[in-house]
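Side chains included, hydrogens not; waters and symmetry mates left out as well; all remaining heavy atoms used. Because the structure is a prediction, the values reported are computed rather than measured.
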Amino acid sequence: MALTKWILTQEEQNKAMTDELPLLRAKAGISQGDLCNMVGISRQTCSAIETRRRIMTWSTYLTLVLFFDNNINTRDMLRNSAAYPGEIFLRMNDGKSPDNTLLGQSANELNEILKDLDDQARHALKTMLLVEYARCKKLPGDFVIKAFDGVNLTAVSTDTATEQALRNIRSQRG
């Protein structure tokens, strides 16, 4: 494996993030001071970066990419900008694009798909996801039963709720 794919230029480190930073902050609804507190840089450093008096460090760049990529309000904006290190990811992964989105879709693409589904289809998808979640987390069977009945799982965790869910499921089967 060639070491060169891991060596990044200053331009790659800062590629367009400096230009996009104020727009991304505004889209996230966060002040410069609050962002600085979260990513661990001083407000003076952030101001110097935004006014191009200072070049951001690689760690600051990566922190900002992670912050804005994991914010639902800024993810698409970041990924569609030159600030997103897609080319770097490709180089680091031997030309393969790392895809960490659900089913390879962005949140907006999934919302477009989901809006066309009827209530039964949305309930079926939610139930399937909850069943798989319970399996992966090794949760008890009552979690799965409640999932099939559409119970709000965060609000109810009693045996009575499980029994009621079973009664509802049985009555629907007729």
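Using a distance-only test at 3.5 Å, with no hydrogens or angles considered, a donor-acceptor pair links the side chain of Tyr61 to the main chain of Ala83. Remark: the backbone N or O of Leu66 is paired with a side-chain donor or acceptor of Asn70 at under 3.5 angstrom. Remark: the backbone N or O of Val65 is not paired with any side-chain donor or acceptor of Asp69 at under 3.5 angstrom. Side-chain atoms of Ser47 never come within 3.5 Å of backbone atoms of Arg43 as a donor-acceptor pair (strictly under, hydrogens ignored). With hydrogens and angles ignored, the 3.5 Å screen pairs no side-chain donor or acceptor of Thr74 with any backbone N or O of Met77.
Counting all heavy atoms, side chain and backbone alike, Ile49 lies closest to Thr18 at O-CG2, 3.0 Å. The minimum heavy-atom distance linking Gln32 with Arg25 is given by the pair N-NH1, 3.2 Å.
Atom CD of Glu50 and atom CD of Glu20 lie 11.5 Å apart (nearest 0.5 Å). With rounding to the nearest 0.5 Å, the separation of CD1 in Ile30 from NZ in Lys27 is 15.0 Å. Annotation: the span from Leu64 atom CG to Met56 atom CE amounts to 5.5 Å, rounded to 0.5 Å. Of the inter-residue distances, the one linking Leu62 atom CG with Met17 atom CE reads 9.0 Å to the nearest 0.5 angstrom. Expressed to the nearest 0.5 Å, how far CZ of Phe67 lies from CG of Leu24 amounts to 9.5 Å.
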Determine, stepwise, if the pair Leu35 / Phe68 fulfils side chain to side chain contact (heavy atoms under 4.5 Å, CB included).
CA-CA 10 Å; Leu35 178 65; Phe68 291 120; 4.0 Å; yes
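Using a 3.5 Å distance cut-off with no hydrogens or angles, the side chains of Ser42 and Thr45 do pair a donor with an acceptor.
A salt bridge between Arg52 and Asp19 is present, with a side-chain N of the basic residue lying under 4.0 Å from a carboxylate O of the acidic one.
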